[in-house]
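Below: the structure, in structure tokens.
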Protein chains: 2
Amino acid sequence: MIGHSPSEAARLSGFSLDTLRYYEKIGLLNGVSRTSGGRRVFTDDDLGWLGLFRCLRDTGMPIAQMCRYAELAREGEHTARERQELLERHAERVEEQMALLRRQYDHLRDKIRYYEGVSGGVRAG
Amino acid sequence: MIGHSPSEAARLSGFSLDTLRYYEKIGLLNGVSRTSGGRRVFTDDDLGWLGLFRCLRDTGMPIAQMCRYAELAREGEHTARERQELLERHAERVEEQMALLRRQYDHLRDKIRYYEGVSGGVRAG
DNA sequence: TTCCAACCTGGAGCGCGCTCCAGGTCAAGC
DNA sequence: GCTTGACCTGGAGCGCGCTCCAGGTTGGAA
């Protein structure tokens, strides 16, 4: 539970320093503690949140929705169901996203296969 | 080989009218023919290109790179190898993208599973 | 004590990919 | 001929998610 410096938090989370500050500024990251000199100290719990944000961002969740989730979590245990539903709906969108990505990847592979064949008669690129 | 109206092209390609015009403006879509009155007529070949652009966009290729590809295609058959390599490199990035997406999806599902368990002791959201 | 790298703040700026708008033209149906 | 809706152009504007900047502070090492 020793704190982490901003640069350490950046390294561990994969977010830039500016992004960490930005996340705090918009209220996504809440209550990050400070040294007496005013410098941020990230706890393991903060890093846990950052890990979640990393997951949600990588799967395409808009920041506004992550803010909503974080806010719910701050409101306490009685919002657990709503948070769960939020994540569930997101997971469903991710599934669609994965399906689309796979379909288009297959198209792309087909296209490449045309090029691998004899070099004649390829249309539309 | 009958031409398609702009709105038809939009419907068939899934791009908006504005996007079709934008793609032509930046030179991604090239040489779209016109009626005597100045209105666009999209050929099946144009739609083929739009289908490719749809595939590439859905898989996250930046527009600049699609422009590069289209330009190469215009230069003729001798750029076939370079185009193939461009697509191949893109396909590899898509594979990484899919792997990341799956990993993060699994994390997300883990997270949801915590909520499905008893409602106690959940950290970081 | 002095140095310097890491950190702080508020706010402006940016890159991307569209999206919207004003003001005008075209053409099919009545 | 008139209406109406689809279309045209050039250019401004937007939403997102950062990213950068200026100018100042902090704090550990030499």
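Values in this document were obtained by computation on a predicted structure and should not be read as measured data. Numbered from 1 within each chain, the chains take letters A, B, ... in sequence-line order.
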Checklist entry - Does B:Val41 belong to the same Ile/Leu/Val/Met/Phe/Trp/Tyr cluster as B:Trp49, with side-chain heavy atoms less than 4.5 Å apart forming each link? => result no

Next on the checklist: In this structure, would A:Leu12 and A:Leu17 fall into the same cluster of hydrophobic residues linked by side-chain contacts under 4.5 Å?
Outcome noted: no

Next on the checklist: For a quick check, with a 4.0 angstrom heavy-atom cut-off, what is the B/S/- contact string for nucleotides 23-30 of chain D, read 5' to 3'?
Outcome noted: --BBS---

Checklist outcome for this item: In numerical order, the residues of residues 95-104 of chain A whose heavy atoms come under 4.0 Å of DNA chain C are none

Residues in side chain to side chain donor-acceptor pair (under 3.5 Å) contact with [X], at least two apart in sequence or another chain:
X: A:His4; result: A:Glu8, A:Asp44
X: A:Ser33; result: none
X: B:Gln84; result: none
X: A:Tyr105; result: A:Arg109, B:Glu95

Next on the checklist: Between A:Arg34 and A:Arg39, is there a side-chain heavy-atom distance shorter than 4.5 Å?
Outcome noted: no

Checklist outcome for this item: Nearest heavy-atom contact between B:Ser16 and B:Ala10 is C-CB, 4.4 Å

Item to check | B:Pro6 versus B:Leu20, closest heavy-atom pair with distance | outcome: O-CD1, 3.9 Å

Next on the checklist: Could you work out, with side chain to side chain contact (heavy atoms under 4.5 Å, CB included) as the rule, every residue matching B:Gln65, not counting sequence neighbours?
Outcome noted: B:Met61, B:Pro62, B:Leu86, B:Arg93

Checklist outcome for this item: Sorted by chain and number, sequence neighbours left out, side chain to side chain contact (heavy atoms under 4.5 Å, CB included) with A:Glu75 holds for A:Glu71, A:Leu72, A:His78, A:Thr79

Next on the checklist: Quick check for you: name the first and last nucleotides of DNA chain C, 5' to 3', having an atom under 4.0 Å from a heavy atom of chain A.
Outcome noted: C:dA6 to C:dG11

Next on the checklist: Taking side-chain hydrogen bond (donor to acceptor under 3.5 Å, both in side chains) as the criterion, tell me which of B:Gln97, B:Arg103, B:Gln104 meets it with A:Asp58.
Outcome noted: B:Gln104

Item to check | B:Tyr115: which of A:Arg83, A:Glu85, A:Arg81, A:Glu88 passes side-chain hydrogen bond (donor to acceptor under 3.5 Å, both in side chains) | outcome: A:Arg83

Next on the checklist: Please determine whether a side-chain nitrogen or oxygen atom of B:Ser5 lies at a distance below 4.0 Å from atom OP1 or OP2 of D:dA6.
Outcome noted: no

Checklist entry - Tell me, which of residues 57-66 of chain A have any heavy atom that sits under 4.0 Å from an atom in DNA chain D? => result A:Arg57, A:Pro62, A:Ile63

Checklist outcome for this item: Contact check, residues 9-24 of chain A vs DNA chain D, heavy-atom distance under 4.0 Å, returns A:Ser16, A:Asp18, A:Thr19, A:Tyr22, A:Tyr23

Checklist entry - Which residues pass the ring pair (Phe, Tyr, Trp, His ring centres under 6.0 Å) test with A:Phe15, sequence neighbours left out? => result A:Tyr23

Checklist entry - Quick one: does B:Asp110's side chain have a donor or acceptor within less than 3.5 Å of a partner on B:His107's backbone? => result no

